[in-house]
Amino acid sequence: MSNPIVLVPARMASTRLPNKPLADLQGEPMIVHVWRRAREADVGPVLVAADSHAIIEAIKAAGGEAVLTGLHHQSGSDRIFEAISRFDPDHKHDVVINVQGDLPTIEPAPVRAALKPLSEPQVDIATLACIITREEERSNPNVVKVVGTQIAPDMLRALYFTRASAPYGEGPLLHHIGLYAFRRTSLERFVGLPPSPLEQREKLEQLRALEAGMRIDVALVDTVPLGVDTFEDLERARAILGQRQ
């Protein structure tokens, strides 16, 4: 792990929040805020993988770099793979961190934390989780849980991801945070795999990797970053960013 790069996938076709990447936050498009937050992590260059010229123009106006990708991609992983293949055909970057384009308030620490599990050479993919503290989230299917076995302080080896309340019994549940760090070779393998049965059943893409025998390790962090999916989320993001100014 010598030369990471951060990829931010962004697409315009959001059903609940149309043109989401360009939504106004404190006078700038949301995708520009995400790009800035990713740069603040200072783990490598940041590249936006977009499906629209309007997103490209917004990032370039802010001084960033972006790559136009196809409209056909089913996931952010597919989009960042096309982008990194075009941007870095010589494989100079050996680790790709996928920061979702709807996390405008994310702090630098979680982005950095995603790299920690990759210090173990056998780990293919790294991701994040946080202990659930709100009782209603334990049974909420929109809050994805990770089940894992502890391998070090604040570090787990993922055994399963689920929308159900798991594992059963007394003890904490872990809220999975959809921020990933891929080894470049693992990303290439992952996007070449067909959708798996459990992935299709749970509608969780990361299960494809587990079903194929890939290793995912999880770093525990203190908070879950706000993902903007609705107008209500957008107002919360505006309030958070307003407090930071």
Side-chain angles (χ1 to χ4, degrees), residues 1-11 31 34-35 37-51 55-56 59 64-70 72-101 103 106 108-129 146 148 151 155-158 161 176-196 199 204-219 221:
M1 190 177 64
S2 59
N3 194 12
I5 184 172
V6 180
L7 268 289
V8 182
R11 66 187 185 96
I31 190 61
V34 181
W35 168 75
R37 299 293 85 75
R39 290 187 67 207
E40 288 171 2
D42 195 27
V43 296
V46 179
L47 179 71
V48 173
D51 70 348
I55 299 173
I56 302 285
I59 291 297
E65 289 187 278
V67 171
L68 186 66
T69 58
H72 61 285
H73 294 301
Q74 298 298 308
S75 70
S77 301
D78 294 324
R79 190 173 305 284
I80 66 169
F81 180 69
E82 180 191 349
I84 191 64
S85 298
R86 294 176 55 192
F87 181 78
D88 180 30
D90 297 327
H91 286 235
K92 295 178 181 178
H93 297 286
D94 56 354
V95 170
V96 180
I97 305 172
N98 182 350
V99 176
Q100 299 299 327
L103 302 176
I106 192 168
V111 181
R112 298 188 192 115
L115 284 173
K116 293 178 181 178
L118 294 183
S119 62
E120 167 57 56
Q122 294 180 331
V123 176
D124 295 295
I125 303 169
T127 190
L128 306 175
V146 57
I151 55 175
M155 197 78 65
L156 306 172
R157 182 174 303 167
F161 296 85
H176 175 237
I177 299 167
L179 188 156
Y180 297 93
F182 293 87
R183 295 194 193 279
R184 182 76 175 268
T185 53
S186 299
L187 176 61
E188 184 171 4
R189 180 186 173 196
F190 176 75
V191 299
L193 293 169
S196 68
E199 172 191 0
L204 296 175
E205 184 186 38
Q206 60 270 39
L207 291 175
R208 184 191 316 176
L210 289 184
E211 288 195 79
M214 300 177 74
R215 176 171 163 179
I216 304 177
D217 279 12
V218 184
V221 295

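Index from 1, following the sequence.
In this structure, the side chain of Asp88 engages the main chain of His93 through a donor-acceptor pair within 3.5 Å. Between the side chain of Ser196 and the backbone N or O of Ala209 there is no donor-acceptor pair closer than 3.5 Å. Judged by distance alone, with hydrogens and angles left aside, the side-chain atoms of Arg86 form a donor-acceptor pair with the main-chain N or O of Leu68 at under 3.5 Å. Side-chain atoms of Gln206 do not come within 3.5 Å of backbone N or O of Phe161 as any donor-acceptor pair. Looking only at distances, a side-chain donor or acceptor of Asp94 sits under 3.5 Å from a matching main-chain atom of Asn3. Between the side chain of Arg79 and the backbone N or O of Val8, no donor-acceptor pair lies under 3.5 Å.
Heavy-atom minimum distance, Tyr180 versus Ile125: CD2-CG2, 3.8 Å. Scanning all heavy atoms of the two residues, the minimum distance from Leu128 to Pro110 falls at CD1-O, 3.4 Å. The minimum heavy-atom distance linking Val34 with Gly101 is given by the pair CG2-O, 3.4 Å. Minimum heavy-atom separation, Val221 to Ala113: CG1-CB, 3.9 Å. Heavy-atom minimum distance, Met155 versus Pro117: SD-CG, 3.5 Å. The two residues Val6 and Ala38 make their nearest non-hydrogen contact at CG1-CB, 3.9 Å.
Annotation for Arg215: atom CZ counts as buried by contact number, over 12 foreign heavy atoms lying within 6.0 Å. Annotation for Arg11: atom CZ does not count as buried by contact number, only 12 or fewer foreign heavy atoms lying within 6.0 Å.
For Arg37, the side-chain contact (heavy atoms from CB on, under 4.5 Å) test picks out His33, Glu40, Ile106, Leu241, Arg244, with sequence neighbours left out. Residues satisfying the side chain to side chain donor-acceptor pair (under 3.5 Å) test with Glu205, not counting sequence neighbours, are Ser75, Ser77. Under the side-chain contact (heavy atoms from CB on, under 4.5 Å) criterion, Arg112 pairs with Ala41, Val43, Pro108, not counting sequence neighbours.
Rounding to the nearest 0.5 Å gives a distance of 5.0 Å between CD1 of Ile59 and CD1 of Ile31. The CG atom of Leu204 sits 9.0 Å away from atom NE2 of His176, with the distance rounded to the nearest 0.5 Å. Residue Ile97 holds its CD1 atom at 4.0 Å from CG of Leu115, rounded to the nearest 0.5 Å. How far OG of Ser85 is from CG of Leu187: 7.5 Å, rounded to the nearest 0.5 Å. If you take CG on Asp78 and CZ on Phe190, they are separated by 7.5 Å, rounding to the nearest 0.5 Å. Remark: Asn98 CG to Ile84 CD1 distance equals 11.5 Å, nearest 0.5 Å.
Between Asp42 and Val111, the closest side-chain pair of non-hydrogen atoms is not below 4.5 Å. Put simply, the side chain of Phe87 reaches to within 4.5 Å of the side chain of Ile5, judged on heavy atoms. For the pair Pro45 and Glu65, the minimum side-chain heavy-atom distance is 4.5 Å or more. Contact annotation: the side chain of Met214 approaches that of Leu193 to within less than 4.5 Å [non-hydrogen atoms, C-beta and beyond].
A salt bridge is absent between Glu188 and Arg184; no separation between the charged side-chain nitrogens and carboxylate oxygens falls under 4.0 Å.
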